[in-house]
Each structure stands twice: as structure tokens, then as C-alpha cells.
*Asks:* 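Below: one structure in C-alpha cells.
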Amino acid sequence: PRTRGEEAQPRSPKDPTPQSSVLSPHTSPPALVPTPLHIVSTGTANTASVLAAWERLGIEAILTTSESDVREAPRLVLPGVGSFGAAMRLLEAEGLVPALRDRLAAGRPTLCICLGLQLLATASDESPGAKGLGVCRVTVSRLPDQVEAAQLPRDVSQRVPQRVPQLGWNHVAAPKGSRFLTDGFAYYANSYCLREVPQGWLAATTTYGVRFCAAIERAGVLACQFHPELSGRWGAALLKRWYDESAAAHANAPAKGAV
């Protein structure tokens, strides 16, 4: 079924205008492009905000749990909010795991958001015993309850507590050579993260008590720990850049299996 929706979004400290105003309030949305974008309905994601973000860009998006769509769609989005184990169980129940693994390993245009990034890993501390997609041979770790010593000024010796989950705006430091990512500020809502950069991937980083991957990219795949759909004009530009350039990125830099 074709579904669209929109919700109030947080404001960026760098962008005081409402985040829904990617377009001027006096400007009609652009006509939807003819080739739809497919979004995996994981059952653990707020798809309304994701659908609304693409609609604001004039790109038609369709929710799907079809194995053939996941395997063959020109562009695919894998969102997710919630439990690693619950999301993997749903993907397995829908028979989507083999198609997702093949697609991601081949570097085909795929955007993973929040939990969607974590599902690329082999496992997560959040759900012991649950197996991830295994495209990245790393384990997802919980954010620390205290700021690590390496992140503190030299004159601070006591431990500094921090709230988990991280909820709010934080920096994105893009890597050199990135096709999709630029420096900016994005909206995060996470208790878990990738602390290790997967082999063969470029990683943007941020810090919340510990340094971790804000996003990773390889060929046509972009996986973000933050929510680009809630990250204002910077996030909208990132979505559009991935949509426009991911097919060429896949063609020019084919991926080879899990690393």
C-alpha cells in the first residue's frame, strides 16, 4: 500500500526555522518523480516521518515487505527504531534477510537509518544471541553511562555521568573522500552504536561519551545512526544526494561480500 504521513520535527541549533519547511510555505511541493522509492516496513520504525521527508523532496515512496521489492528495487530504505532482536525477527519472518544481505553485500543503492545501520552488524549487546545481517563484521555496543576519560579535558579527573539514550542534536564529522556525507549537525535518538569502523567502509564520526560511527558508506549504501529525515535542511540535502548519486556510486565502486 502507498502511505504518506508527516509529523512535527525537532529544530536544529544551526537552523532555527521549522524542520518541515524544506520548501517555502508558499511553494507547492514538486511533482513526484516517476520511479518510486521502496521503504522496508520493519514494524519497528516511525515510517510517517520518513515518508514525509521524501514527499517534501518530490519523491514518491512506497512501504513494502515484498522480497522481490527488497531484491530488485532501484533504491531501498531500511529504517528502524527499537530493539535489534525484534527487528531481525520481523525481517526473518517476512523472508527478507537473504535478499537484504545480497543487496547490501553487492553495494546496491540502500539507505539504512538508525537501527537500520545497527542491523548491518553481526550482533548487538542489546539482544544477546540475536544474529544481525552480518554485512559488517562488528558488534553493536551500548553507549556508556559515563563520559570516557579520553573525551574529558586533562584537568577533569572525576567521572562525568551522561544520559542514555542520546536524544538531540550532535555533530557529524564527514570522512575525506565521502560521496554522500558532509560535515553538519544531525538529530540522534540512540542507546547503541558502532564504535568500530567496519573494514572497507568510510565512516563519519561523532562523540557522545565515546567516539562512534555517525554514518558509514560503501558503494551505493549509506547507513546513518542519526535520523536524516529529522535533521532539517542538512538532512534533506543528504537524502537527495544519496537518491541522486547512489546508483552511480554502486556502478563505479562495486562491493564484494561482507567485510
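Fair warning: this is a prediction, and the values are worked out from it, not measured in the lab.
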*Asks:* Rounded to the nearest 0.5 Å, what separates atom CD1 in I113 from atom OG in S49?
*Replies:*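 I113 CD1 to S49 OG: 8.0 Å, rounded to 0.5 Å.
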
*Asks:* For S66, what residues pass the side-chain hydrogen bond (donor to acceptor under 3.5 Å, both in side chains) criterion, not counting sequence neighbours?
*Replies:*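 Partners of S66 under the side-chain hydrogen bond (donor to acceptor under 3.5 Å, both in side chains) test: S68.
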
*Asks:* For N170 and T207, indicate whether the former's side chain and the latter's backbone hold a donor-acceptor pair under 3.5 Å.
*Replies:*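 Side chain of N170 to backbone of T207, a donor-acceptor pair under 3.5 Å: yes, one is there.
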
*Asks:* Could you report the tightest heavy-atom contact between S191 and P165, atom names first, then the distance?
*Replies:*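 Closest heavy-atom pair between S191 and P165: OG-CB, 3.0 Å.
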
*Asks:* Is there a continuous path of hydrophobic side-chain contacts, each under 4.5 Å between heavy atoms, that joins V50 to L63?
*Replies:*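 V50 clusters together with L63.
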
*Asks:* Can a donor-acceptor pair be found, under 3.5 Å and without considering hydrogens, that links the side chain of R75 to the backbone of Y243?
*Replies:*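 Yes.
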
*Asks:* Using every non-hydrogen atom in the two residues, find where A61 and I39 come nearest and quote the distance to one decimal.
*Replies:*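 In terms of heavy atoms, the two residues are closest at CB-CD1, 3.7 Å.
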
*Asks:* Are the side chains of C112 and L104 in touch, meaning some heavy atoms are under 4.5 Å apart?
*Replies:*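 A side-chain contact under 4.5 Å exists here.
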
*Asks:* With side chain to side chain contact (heavy atoms under 4.5 Å, CB included) as the test, would you mind laying out the steps for V81 and H227 before giving the verdict?
*Replies:* CA-CA 10 Å; V81 174; H227 287 269; 3.8 Å; yes

*Asks:* Q162 side chain to P144 main-chain N or O, any donor-acceptor pair under 3.5 Å?
*Replies:*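 Flag set: sc Q162 to bb P144 pair under 3.5 Å.
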
*Asks:* Side chains of R195 and S141: any donor to acceptor distance under 3.5 Å?
*Replies:*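 No, no side-chain donor-acceptor contact under 3.5 Å.
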
*Asks:* Using modelled atom types and a 3.5 Å cut-off, is there a donor and acceptor pairing between side-chain atoms of W242 and backbone atoms of G220?
*Replies:*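 Flag set: sc W242 to bb G220 pair under 3.5 Å.
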
*Asks:* Within a strict 4.5 Å, meaning less than it, do heavy atoms of the P228 and W234 side chains meet?
*Replies:*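 Contact flag for P228/W234 side chains = no.
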
*Asks:* Applying the 4.5 Å side-chain criterion to the ILVMFWY set and letting contacts propagate, would L181 and F212 be lumped into a single cluster?
*Replies:*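 Yes, it is one cluster - the side chains of L181 and F212 are joined through contacts under 4.5 Å.
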
*Asks:* Please answer whether the main-chain N or O of Y192 pairs with a side-chain N or O of Q118 as donor and acceptor at a distance below 3.5 Å.
*Replies:*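 Answer holds: yes.
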
*Asks:* So which atom in A73 and which in H38 form the shortest heavy-atom distance, rounded to 0.1 Å?
*Replies:*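 In terms of heavy atoms, the two residues are closest at CB-ND1, 3.6 Å.
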
*Asks:* Can you measure from CE (M88) to CG (L96) and round to the nearest 0.5 angstrom?
*Replies:*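 Nearest 0.5 Å value for the CE-CG distance: 10.0 Å.
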
*Asks:* If you take all heavy atoms of R71 and P98, which pair is closest and at what distance?
*Replies:*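 In terms of heavy atoms, the two residues are closest at NH2-C, 4.0 Å.
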
*Asks:* Residues two or more places apart in sequence or in another chain: which of them pass ring-ring contact (aromatic ring centres under 6.0 Å, His included) with Y188?
*Replies:*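 Checked Y188 against ring-ring contact (aromatic ring centres under 6.0 Å, His included); matches are F226.
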
*Asks:* Hydrophobic cluster membership, with links at side-chain heavy-atom distances under 4.5 Å among I/L/V/M/F/W/Y: are V197 and Y208 in one?
*Replies:*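 No; Y208 is not reachable from V197 via cluster members.
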
*Asks:* When rounded to the nearest 0.5 angstrom, what distance separates CD in E126 from CG in L115?
*Replies:*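 These two atoms lie 7.0 Å from each other.
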
*Asks:* Is the backbone of V70 close enough, under 3.5 Å, to the side chain of R103 for a donor and an acceptor to pair up by distance?
*Replies:*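 Yes: the side chain of R103 pairs with the backbone of V70.
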
*Asks:* Report the C-alpha separation of R179 and E217 in whole Å, then their side-chain angles, then the decisive distance to 0.1 Å, and conclude whether the side chain to side chain contact (heavy atoms under 4.5 Å, CB included) test is met.
*Replies:* CA-CA 8 Å; R179 184 148 193 162; E217 67 172 85; 3.7 Å; yes

*Asks:* Please check if the side chain of Q225 supplies one atom and the backbone of L194 the other of a donor-acceptor pair under 3.5 Å.
*Replies:*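 Here the side-chain-to-backbone pair does not exist.
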
*Asks:* For the CG atom of L117 and the CG atom of L78, what is their distance to the nearest 0.5 Å?
*Replies:*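 Answer for the CG-CG pair, L117 versus L78, is 10.0 Å.
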
*Asks:* Hydrophobic clusters here meaning ILVMFWY residues chained together by side-chain heavy-atom distances under 4.5 Å, can you tell me if I59 and L51 are in one?
*Replies:*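 Linked within one cluster.
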
*Asks:* Please name the pair of heavy atoms, one in C114 and one in G80, separated by the smallest distance, quoted to 0.1 Å.
*Replies:*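 Shortest heavy-atom contact: CB-O, 3.4 Å.
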
*Asks:* Working to the nearest 0.5 angstrom, can you tell me the gap between C136 SG and I216 CD1?
*Replies:*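 One finds 4.0 Å between SG of C136 and CD1 of I216.
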
*Asks:* Show your working on side chain to side chain contact (heavy atoms under 4.5 Å, CB included) between V97 and K131 and close with a plain yes or no.
*Replies:* CA-CA 11 Å; V97 170; K131 294 182 179 180; over 6 Å; no

*Asks:* Between atom CG of L100 and atom CG of L76, what is the distance when rounded to the nearest 0.5 Å?
*Replies:*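 One gets 6.5 Å once the value is rounded to the nearest 0.5 Å.
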
*Asks:* What's the verdict on side chain to side chain contact (heavy atoms under 4.5 Å, CB included) for L111 and L222, showing C-alpha distance, side-chain angles and the deciding distance?
*Replies:* CA-CA 5 Å; L111 172 66; L222 172 64; 3.8 Å; yes

*Asks:* Ignoring hydrogens, what is the shortest heavy-atom contact between A53 and E229? Give both atom names and the distance.
*Replies:*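 Heavy-atom minimum between the residues: CB-CB, 3.6 Å.
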
*Asks:* Without swapping roles, check the side chain of T122 against the backbone of G132 for a donor-acceptor pair under 3.5 Å.
*Replies:*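 A pair under 3.5 Å: no.
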
